[in-house]
Student: 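Right, I'll just put the structure down here and ask away after.
Start at 1 with the first residue, then count along the sequence. Only a predicted model underlies this, so the values are computations on that prediction, with no experimental measurement involved. Remember, it's 1-based here, ligands and their atoms both numbered in the order they're listed.
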Amino acid sequence: MIGKVRPYNIYESKKKQISRMFDNISYNYDITNKIISFGSDRIWRKKLVKVISSSKPKKTLDIATGTAEVAIELTKIEKNKVIGIDISDKMLEIAKKKIIRLKLESKVSLANEDAEKMSFTDNSFDAITIAFGVRNFENLNKALREVFRVMKSKGVIVILETSVPNNKFFRSLYKIFSKILLPIIGFVTSGDLEAYKYLSNSTLNFPNKTSFSNILSKNGFIKVKFQQYSFGIVSIYSAGKP
Ligand SMILES: C[S@@+](CC[C@H](N)C(=O)[O-])C[C@H]1O[C@@H](n2cnc3c(N)ncnc32)[C@H](O)[C@@H]1O
């Protein structure tokens with residue numbers, strides 16, 4: 001279902017459209033995130049890294065790294081080396097500039113790689129993170145199988161994703177915000193109305209927290225847990241590999 005929610009048209013593959021869309025909105029991506037999340041995006045990413053830090057990873061893969069906000073936060077974990085992958089060259093260009101500016105080249109490397117078909121060998125990573133990425137995948141199960149393959153046994157995956165609040169009142173407010181305000185703000189900052197309409201639709205069509213937890217279990221992950229934040233508008237899922 002989520003693979004059918006696409007930004008621009010029904011003819012081209014979702015993947016092609018997604019990489020073009022993030023190329024288009026890359027320039028103002030960080031600032032738009034700050035505006036639409038009222039500054040909470042940084043706090044949510046820090047929470048994600050806090051969840052992963054207890055496992056003391058030495059090699060972490062950040063899938064759908066975008067402008068490397070999570071990858072950079074992951075370098076705060078002692079002796080952790082990070083690889084960030086994405087399919088948007090423009091997002092990766094911005095990520096690269098940030099990493100050079102912060103002198104983190106020895107800790108973070110970047111590559112244009114598709115989550116659904118990664119070049120890494122089996123059992124390569126202690127930990128894997130995906131922030132606001134899973135709902136953009138064309139084939140969610142294929143990507144999760146790949147995550148499982150490249151993760152070491154006893155490794156951990158932590159996923160941060162938008163979600164729809166359970167509470168009726170907050171759900172209504174959230175729907176008004178996502179359907180009306182989010183596309184307007186996105187249009188003003190990026191000039192791409194369709195992109196922010198898509199980002200809103202993809203959130204509203206993404207499986208709910210229990211369904212997504214079940215999808216993780218069906219793909220072999222164990223100890224699946226989730227925690228909701230900010231009235232349920234984002235959730236952090238964690239799981240392991242036997
Ligand atoms: C909403 S951004 C999230 C970026 C970053 N993780 C963050 O926290 O801001 C989603 C990113 O997922 C990337 N993406 C979508 N599908 C992908 C795939 N199949 N493989 C790798 N990256 C993908 C997009 O190019 C985009 O940069």
Student: Check this for me: Y27, atom OH, are more than 12 non-hydrogen atoms of other residues, nucleotides or ligands nearer than 6.0 Å?
Tutor: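 It does not: Y27 OH has 12 such atoms or fewer within range.
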Student: Just by distance, with hydrogens left out, do Y29 and N33 show a side-chain donor and acceptor under 3.5 Å apart?
Tutor: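 Looking only at side-chain atoms, N33 and Y29 do form a donor-acceptor pair, the distance falling under 3.5 Å.
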Student: I'd like to check the side chain to side chain contact (heavy atoms under 4.5 Å, CB included) partners of I94; sequence neighbours left out, ordered by chain and number.
Tutor: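 For I94 the side chain to side chain contact (heavy atoms under 4.5 Å, CB included) partners, ignoring immediate neighbours, are S26, T67, K98.
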Student: Using the test salt bridge (charged side-chain N to carboxylate O under 4.0 Å, His left out), find all partners of K56 that sit at least two apart in sequence or belong to another chain.
Tutor: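 Checked K56 against salt bridge (charged side-chain N to carboxylate O under 4.0 Å, His left out); zero matches.
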Student: Verify whether one side chain among N123 and K241 offers a donor that lies under 3.5 Å from an acceptor in the other.
Tutor: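 Present: a donor and an acceptor within the cut-off.
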Student: Tell me which pairs pass ring-ring contact (aromatic ring centres under 6.0 Å, His included) where either residue lies in residues 4-25, with sequence neighbours left out.
Tutor: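 Listed by first then second residue: nothing to list.
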Student: Ligand 1: which protein N/O atoms lie under 3.5 Å from its N/O atoms?
Tutor:
unit_1: ligand 1; atom_1: 6 (N); unit_2: A64; atom_2: O; d: 2.7
unit_1: ligand 1; atom_1: 6 (N); unit_2: A131; atom_2: O; d: 2.8
unit_1: ligand 1; atom_1: 8 (O); unit_2: R45; atom_2: NE; d: 2.9
unit_1: ligand 1; atom_1: 8 (O); unit_2: R45; atom_2: NH2; d: 3.4
unit_1: ligand 1; atom_1: 9 (O); unit_2: Y29; atom_2: OH; d: 2.7
unit_1: ligand 1; atom_1: 9 (O); unit_2: R45; atom_2: NH2; d: 2.9
unit_1: ligand 1; atom_1: 19 (N); unit_2: D114; atom_2: OD1; d: 2.9
unit_1: ligand 1; atom_1: 20 (N); unit_2: A115; atom_2: N; d: 2.9
unit_1: ligand 1; atom_1: 25 (O); unit_2: D86; atom_2: OD1; d: 2.5
unit_1: ligand 1; atom_1: 27 (O); unit_2: D86; atom_2: OD1; d: 3.1
unit_1: ligand 1; atom_1: 27 (O); unit_2: D86; atom_2: OD2; d: 2.7

